[in-house]
Amino acid sequence: MGVGLYVHIPFCETKCGYCDFYSLAMKDRPTKPLVGAIVRELTQRRAATDEEVETIFVGGGTPTLLPVDGLKRLVDGIGAFIGGAVLKEFTVEANPASVDTEKIGVLRAGGVDRISMGAQSWHQAELTALERLHNPGDIVEGVRLCRAHDIGRINLDLIFGIIGQTMASWMDSLDRTIDLGVEHISCYALTYEPGTRLTALRDAGRLKPCDESLETEMYLAAIERLAKAGYEQYEISSFAQPGQRCMHNIVYWRNGSYVAVGPSAAGFVGGERYRNVPDLAEYVRRMDRDGTAEIERERITGATLAGETLMMGLRLNEGVELARLGIPAGAPLSPAVDRRIRLHGDGGLLEHHGDYLRLTPRGRLVGDAIISDLFAALHEGVAE
Amino acid sequence: MADRKLIRNFGIIAHIDHGKSTLADRLLERTGSISKREMREQFLDDMDLEREMGITIKANRATVKHTHDGQEYMLNLIDTPGHVDFHYEVSRAMAACEGVLLLVDATQGVQAQTVANAYLAVEGNVEIVLVINKIDLPGANPDETALEVEHILGLAAEEAIYTSAKTGEGLDELLTAIVQQVPSPGGDENSPLRALVYDAKSDPHRGVICNVRLVDGVVKRGDKIRMMAVGSEHVVTEVGKYMPKATAVADLAAGEVGYLVAGIKTLADVNIGDTITHASRPAETALPGYEAPNQMVFCDFYPGPGTDTAELREAMEELWVNDCSFTYDPATSDALGIGFRCGFLGLLHMKIIQERLERESDVNVVQTAPTVTYEIAMNDGSVKQIQSPSEMPDPSKIMEIREPFCTANIIVPAEYIGAVMSLSLERRGVHKKTEYLSPARVMLTYEFPLGEIIYDYYDKLKSCTRGYGTVDYEITDFRGGKLVKMDILVNAIAVDALSVIVHADKAARRGRALISRLKKEISRHMFEIPLQAAIGAKVIARETIKAFRKNVTAKCYGGDVSRKRKLLEKQKEGKKRMKQVGSVEIPQEAFMSILEPEDG
């Protein structure tokens, strides 16, 4: 499996209340130093690895907020990084309202073949509740622009479980997204991440989160609706037309290797995880001064590696191969693991099929609990 | 050899926080026994825990010299614990004294332990010197305080000595009173040796150090001694006095107080209250012994996270060598594994032992809810004592279950009488009498089942009297009652460690309170968890922990891996602290939840 490349652009027009990514409201921040530092990091990382990059994902933030010349420098830098490698996928994240003809043109010319847009909802009230600045019309326009520039693959993100959302409005958002004919749809439950404004409001009792039962029904309805429309679920939140799965994300879920650059970016290369400093100015300063902005580096082996592989792999409908959890094919399972697999198997939540372990559709609803349980069991059998 | 006429053996008794340790410090300072430089606050409270909790747990002692009318007196100060749980230590210390200073805080007046300790002194037939302390404080009312003492204990108010241990005021008068009012010890140094072991402690290098009060005879290094009750014989390697640091002396004679080292390995080899005599010339009769400490409150200690049973056992053995006032026996719980059933003098004692275990041996302890000893009268006429609900025999074979009762004195400002009475009624208290200490303050006497007051009565009393109420109790007898064993079922499995013995009339309420607390402690699972409280097969309370329907992280990409993995590792550690009962994970806190106030 080839290596992925992730580039993090931490600019957003405004910071949304639910977002826990490292991003900054852009206002009039200069973007030049950041792009310069990212291009420098790309060069550094190229020198340090000889692995071939197959997939690229430029995310954030909103990368398309970079001015045209910034975008150009960025795609050029990425081009230099990949050299002559043949890419399978090159995705850039965008906001429906932040794309324009010129920028899409630059991206397409730079090899971008996939755009991922945060549509989130087709209802203005819900978009407002999420503090999104675009309107439903922008989604249509964004998709049109991409198509006009020969972007063959488009993903739209949708969110369910929004405060005030009804089943009817959710189904409507799904239908309108399907009607656009995009190749990939991601459906995320609104989550209350620690440290976000949304979580603070909830904890202060100023908003009432969506009822758990309704949220579950929305999720199940989405799976059913999307399946009928020809989108296969292949991961907890990911649905794709045949042949349109996001290969870059699959690298993550199969616990593969990826180079990551930019402030707060986390990479996994040569068995080591690293993370860059999550601060724009500091990132630029360190890249200038030290040629690196890493603040953490850790070699991942043994039970830790197996645990991560399990944690990421069970998100995929295909599941995870036992051999990749440090359990050789045909070898007996440790009593702890065996007991848990049986328990969840009997409960209809988990399938142990050949050398694969995977969540059943019911198991996917409570994936975190099962993963947590198996993760603990996996470590029980391993000396610490 | 010291002239017995110039010896004064005395202790200090007081309600907690009335300034006993500070007064002891001041006496040491005033008599020049320790220099200012050496002085650290409360020299006599030498355990960290005591300092933190502001109470004296183990009796300490010191010998100081004081000159009065040109004569040099040897004053043997015995510092005694003040808390309700440590009656027996106070009584031991008192048996080594001819007098006590009854210390009362002039801002607080007589409190429950003032009365309890004074009663012990009267029982022990020792002279009481009344000391009204903290007279420097703005709210001090020494005259009224002295009158309260006169009223409730019959000690003459005009003989009270007013002091401030803080400023040193009144200390000279106090020293004079000690010399003049505390009788000199009797005894005969030519009679066969009789030395009372009133306390003992373990020293890692020298074995057991016995604190002794010489009643008759003389003991010195090289003497072959015999423990009269145990029958064991040892050779004395050192005798000494606390000056206040342990200092070897040539001998200890009748009337004197000091310590003795004789190659005794563990505290288990020494009976507190035993009499030491000479092997070659033994005394005919031993001194009246002490009552062995009577453990009335029991709970289980199980190994907590990162601790195994062997480590816990080792820690308990180590602590027990230092303090054999608690008991421990192996215990097994389906839910908690292999641990120990431990007996304590009271709830504070339990808390202290648990903290000392964790602090001194670095073990983690999971403690179950405390219970008292119950007497079970069987149909066949036999009587057995049980310390745990799990020991309860088949109900069809039981004629009667009896529980320990105590008499409690509660001292409160008069305006809180109503609140205390309704609290006490709730706890099945029977009102015996009401006495006014002064127009503003009153002492209520109640009889309570011990089990009703061991865990939170004191806290409740404090909160319903704005902190002014104090209580002290003495266990009296066992009485039959309508008691039943209540089981708690989690997902239809009875969890033995959660069973309690309760009064039948209160079972339903207690059961409801208990499972509603459990509901808060146990997280939602992938399935519904019924919680039930039951007496036999009859369910008296029920709650359900709903299953979660959806529990999955929406987004997880490359940047999330480390954080999510660390979260799972944390959850894994959390699971270790969980006890698996069937397929339900019960956090350890749940086992303590039965301790919490019923309406809390």
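Labels below follow one simple rule: chain letters A, B, ... track the order of the sequence lines, proteins then strands, and each chain is numbered from 1. For the numbers below, each heavy atom of this structure counts, side chains included, while hydrogens, waters and symmetry mates do not.
Between A:W253 and B:Y557, the ring planes lie tilted relative to each other; the angle falls in the 30° to 60° range.
With a threshold of 4.5 angstrom between heavy atoms, A:T191 approaches chain B through side-chain atoms but not through N, CA, C or O. Contact annotation for A:R362: neither backbone nor side-chain heavy atoms come within less than 4.5 Å of a heavy atom of chain B. Of the atoms belonging to A:L220, it is side-chain heavy atoms, and not backbone ones, that fall under 4.5 Å from chain B. With a threshold of 4.5 angstrom between heavy atoms, A:I300 approaches chain B through side-chain atoms but not through N, CA, C or O. The contact between B:E585 and chain A is made entirely by side chain atoms (from C-beta outward), counting heavy-atom distances below 4.5 Å. Only the side chain of A:F160 comes within contact range of chain B, with at least one heavy atom under 4.5 Å from a heavy atom of that chain. Looking at A:L190, neither its backbone nor its side chain comes within 4.5 Å of chain B, counting heavy atoms on both sides.
Figure legend: cation-pi geometry between B:K572 and A:F375 absent, as NZ or CZ is not positioned both under 6.0 Å from the six-membered ring centre and within 45° of its axis.
Residues B:M526 and A:L349 meet the side-chain proximity criterion, which asks for heavy atoms closer than 4.5 Å.
Scanning all heavy atoms of the two residues, the minimum distance from A:Y188 to B:A554 falls at CD2-O, 3.7 Å. Nearest heavy-atom pair across A:D368 and B:T553 is OD2-OG1, 2.6 Å.
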Can you list, pair by pair, the side-chain donor-acceptor contacts under 3.5 Å of residues 258-266 of chain A, counting residues two or more places apart and other chains?
{"unit_1": "A:Y258", "atom_1": "OH", "unit_2": "A:R273", "atom_2": "NH1", "d": "3.1"}
{"unit_1": "A:Y258", "atom_1": "OH", "unit_2": "B:G558", "atom_2": "O", "d": "2.8"}

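The most heavy-atom pairs under 4.5 Å with chain B, out of A:L310, A:L343, A:T304, come from A:T304.
Contact check on A:E215 versus B:R549 returns no salt bridge, with no Lys/Arg side-chain nitrogen under 4.0 Å from an Asp/Glu carboxylate oxygen. Under a 4.0 Å N-O distance rule, the pair A:E193/B:K555 does not qualify as a salt bridge.
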